[in-house]
Structures are given as structure tokens and as C-alpha cells.
Amino acid sequence: MEAVAGERSNLAGVRHILLVLSGKGGVGKSTISTELALSLRHSGKKVGILDVDLCGPSIPRMFRVQDNDVHQCDSGWVPVFVDQDKSISLMSIGFLLEKPDDAVVWRGPKKNALIKQFVADVAWGDLDFLIVDTPPGTSDEHISTVEALRPYKPLGAILVTTPQAVAVGDVRRELTFCKKTGLRVLGIVENMSGFVCPHCSECTNIFSKGGGEELAKHAGVPFLGCVPLDPQLSQSLEEGRDFVREFPKSAAFPALAHIAQQILDGTSQPSS
């Protein structure tokens with residue numbers, strides 16, 4: 001019984017849990033998770049990111065805190081804070097590896113046990129939002145994550161795709177996963193939707209366009225918006241800078257702000 005009470009208390013102060021999913025790798029789930037966290041902080045919210053991508057934990061690097069250590073407290077692990085105000089906190093296996101180049105060569109049960117521990121044993125404190133950044137796919141880690149979070153009634157999932165048909169097909173499978181596991185889909189984001197030239201600001205559709213919007217329409221779920229490929233966004237992620245604060249004139253800024261606003265609007269309405 002004690003363990004259950006401990007679990008409950010660690011997520012008791014978290015108001016909304018969002019999962020960022022995609023059937024496809026390399027579509028920018030960690031980018032969307034990071035920028036969503038920064039946008040929500042910009043709106044005055046306290047945000048945590050739980051990085052359950054155990055083989056490719058990139059969240060610590062994107063906030064330039066990859067050299068930080070995780071400490072223990074009475075109620076479990078203390079997350080790593082990104083700033084003095086403690087407005088963004090992170091937990092990732094990246095903080096637990098002895099060397100940054102260590103590979104996580106684990107079978108399913110060990111990964112699943114760590115995910116359950118991440119859900120139960122991180123002392124998040126009071127948060128407006130907990131964003132869960134997931135690996136690609138619909139397998140072990142995803143099932144473990146959804147099952148471990150189910151008692152805490154997650155708000156739902158944001159699905160990330162890129163425009164081309166191959167990616168959209170994999171994300172379609174993620175929609176099926178959400179349906180089967182009873183996870184509400186908050187909407188679809190089409191990332192890398194055209195390339196914005198830094199010199200002339202013209203947008204070129206490198207891949208194709210509209211796959212994400214088409215999928216959302218077909219599936220009857222909200223389309224949250226298109227985020228263009230933007231060198232300034234890539235640079236800020238590489239250097240761990242706050243894109244939302246530093247690049248308000250970038251073409252990606254209004255798209256990211258619009259996505260965050262829709263999430264805020266969705267949580268401010270009483271649920272039916």
C-alpha cells in the first residue's frame with residue numbers, strides 16, 4: 001500500500017499529462033516536446049518533460065543540461081531543473097548514464113521497469129503540464145507508458161508526422177494504437193512542413209505538403225498546425241537556447257505558439 005500512496009503523491013500535483021507520439025522515428029517528437037514546453041512556460045505555466053526515449057534520450061541536450069546529475073530525495077528522484085525559477089523540469093535516462101556515449105542495450109522487461117519507475121518515483125512537485133516524450137513505434141515502451149499513466153488520467157496525445165506519405169502511414173498506425181489503448185488524440189502536428197530560406201524567407205516544400213492535415217481530416221481529429229523546417233529552430237535546439245524567447249520573428253514561431261495556445265484553450269474548457 002505504501003508504494004501506491006507514494007506513486008499517487010508524486011503525480012498528485014500534476015494537472016495535465018500530455019504524450020507526444022509518432023509511429024515514425026526522426027519526425028521531431030523531441031523538438032515538438034521541447035518547443036511546447038518553452039511555449040507553455042512563456043504563457044506562465046510550470047512544465048515537466050519525462051523523456052521515455054531510452055535509446056535516444058535527446059531532451060537533456062536540447063536544454064543544455066546533459067551534464068547534470070539526478071539526486072534522490074525522500075519521495076524519489078528530483079528532476080533536473082532547466083532554470084533558476086524551476087519552471088521547466090526534466091527526467092531522462094540521459095542523466096543516469098555513466099558516460100554520455102553509453103548505449104542502452106536492454107531487453108523489454110528492463111526498459112518497462114524503468115518506465116514504471118520514472119512514472120512512480122520522480123518528485124515533480126506542482127506542475128501545470130507534464131509532457132511525455134516517447135520513442136518511435138507502438139510497442140513495449142508505449143504500452144508500459146500508457147498503462148503506468150492510466151491511473152492519472154492523461155489529457156491525451158499529440159501525434160507528430162512529417163508531410164510525406166511514408167511518415168503519414170506510420171502515424172496512421174499510431175492513431176490505431178491510441179484507439180486500442182483508449183488514449184484521446186488531442187491533435188496532429190505536421191513537422192518539417194516546408195523549408196524557410198533564411199535569406200529570402202520563401203518556403204520550399206522539400207518533402208511534400210499536407211499529409212498531416214489530410215490524415216487529421218480523415219481520422220476526424222484536430223489538426224494543430226504545420227511547423228516549417230527553420231535553421232534558427234535547429235540552431236537553438238543544438239545550442240540549448242530558448243527559441244520562443246530569442247526568435248519571435250522566425251517562421252516557425254507563430255506555428256509553435258498556435259499549437260501551444262490550442263493546448264491551453266483545450267485545458268481551460270471544462271471537460272464534457
Side-chain angles (χ1 to χ4, degrees), residues 18 20-45 47 49 58-59 61-64 82-83 87-88 129 131 133 136 157-168 170-171 174 185-219 221-267:
L18 303 172
V20 178
L21 301 172
S22 177
K24 191 85 181 150
V27 296
K29 286 180 296 299
S30 298
T31 297
I32 297 299
S33 298
T34 297
E35 298 310 328
L36 184 55
L38 291 169
S39 298
L40 291 169
R41 172 173 75 177
H42 204 58
S43 300
K45 303 298 180 187
V47 188
I49 302 184
S58 42
I59 291 287
R61 172 76 194 262
M62 288 177 168
F63 284 94
R64 206 160 56 181
V82 168
D83 53 6
S87 58
I88 297 183
F129 290 92
I131 298 168
D133 184 30
I158 294 170
L159 271 48
V160 183
T161 187
T162 47
Q164 66 273 51
V166 169
V168 170
D170 286 347
V171 177
E174 198 72 46
V185 176
L186 299 172
I188 292 174
V189 172
E190 183 176 292
N191 194 25
M192 307 185 205
S193 184
F195 168 71
V196 180
C197 172
H199 306 296
C200 69
S201 298
E202 188 181 329
C203 187
T204 307
N205 296 324
I206 291 177
F207 299 125
S208 57
K209 187 154 178 64
E213 192 164 7
E214 197 62 37
L215 176 60
K217 203 178 290 177
H218 176 74
V221 300
F223 181 64
L224 300 177
C226 298
V227 180
L229 268 171
D230 183 339
Q232 289 179 317
L233 177 55
S234 308
Q235 181 194 348
S236 77
L237 289 160
E238 287 284 295
E239 295 171 6
R241 290 157 71 189
D242 185 341
F243 174 81
V244 173
R245 227 166 247 170
E246 292 185 42
F247 298 105
K249 291 190 172 68
S250 147
F253 176 84
L256 292 162
H258 181 57
I259 292 164
Q261 192 54 54
Q262 287 175 90
I263 299 298
L264 287 169
D265 291 347
T267 56

Distance-only side-chain donor-acceptor flag, His218 / Glu214, under 3.5 Å: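 Not at all, the side chains of His218 and Glu214 share no donor-acceptor pair under 3.5 Å.
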Ser30 versus Asp133, side-chain donor and acceptor atoms under 3.5 Å: yes
Check whether [X] reaches the backbone of [Y] with its side chain - one donor and one acceptor, N or O, closer than 3.5 Å.
{"X": "Asp242", "Y": "Val244", "value": "yes"}
{"X": "Glu190", "Y": "Cys226", "value": "no"}
{"X": "Ser250", "Y": "Ala252", "value": "yes"}
{"X": "Lys29", "Y": "Lys24", "value": "yes"}
{"X": "Asn191", "Y": "Thr161", "value": "no"}

Contact summary for [X] and [Y], nearest pair of heavy atoms:
{"X": "His258", "Y": "Leu224", "value": "CD2-O, 3.6 Å"}
{"X": "Glu35", "Y": "Leu256", "value": "CB-CD2, 3.7 Å"}
{"X": "Ile188", "Y": "Phe223", "value": "O-CD1, 3.5 Å"}
{"X": "Pro248", "Y": "Glu246", "value": "CD-C, 3.3 Å"}
{"X": "Ser22", "Y": "Val171", "value": "OG-CG2, 3.5 Å"}
{"X": "Leu38", "Y": "Phe243", "value": "CD1-N, 4.1 Å"}

Parallel, tilted or perpendicular: ring planes of Phe253 versus His42, cut at 30 and 60 degrees: perpendicular
Greater than 12 external heavy atoms within 6.0 Å of Gln235's CD: yes
Spacing of Thr267 atom OG1 and Phe129 atom CZ [to the nearest 0.5 Å]: 4.0 Å
Spacing of Ile131 atom CD1 and Ile49 atom CD1 [to the nearest 0.5 Å]: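 Answer rounded to 0.5 Å: 5.0 Å.
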4.5 Å side-chain heavy-atom contact, Phe195 and Pro231: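 SC-SC contact between Phe195 and Pro231 confirmed.
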Sub-4.5 Å side-chain heavy-atom contact between Leu264 and Lys45: yes
side-chain contact (heavy atoms from CB on, under 4.5 Å) between Leu159 and Val189, intermediate numbers included: CA-CA 6 Å; Leu159 271 48; Val189 172; over 6 Å; no
Val27 and Asp170: CA distance, side-chain angles, deciding distance, side-chain contact (heavy atoms from CB on, under 4.5 Å) verdict: CA-CA 11 Å; Val27 296; Asp170 286 347; over 6 Å; no
Audit row: Ser87, Val47, side-chain contact (heavy atoms from CB on, under 4.5 Å) steps and yes/no: CA-CA 6 Å; Ser87 58; Val47 188; over 6 Å; no
Residues that Pro254 engages under side chain to side chain contact (heavy atoms under 4.5 Å, CB included), provided they are two or more places apart: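 By the side chain to side chain contact (heavy atoms under 4.5 Å, CB included) rule, Pro254 matches no residue at all.
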Arg64, Arg41, Arg245 screened by salt bridge (charged side-chain N to carboxylate O under 4.0 Å, His left out) with Asp83, the one that passes: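 Answer to the salt bridge (charged side-chain N to carboxylate O under 4.0 Å, His left out) test with Asp83 among Arg64, Arg41, Arg245: Arg41.
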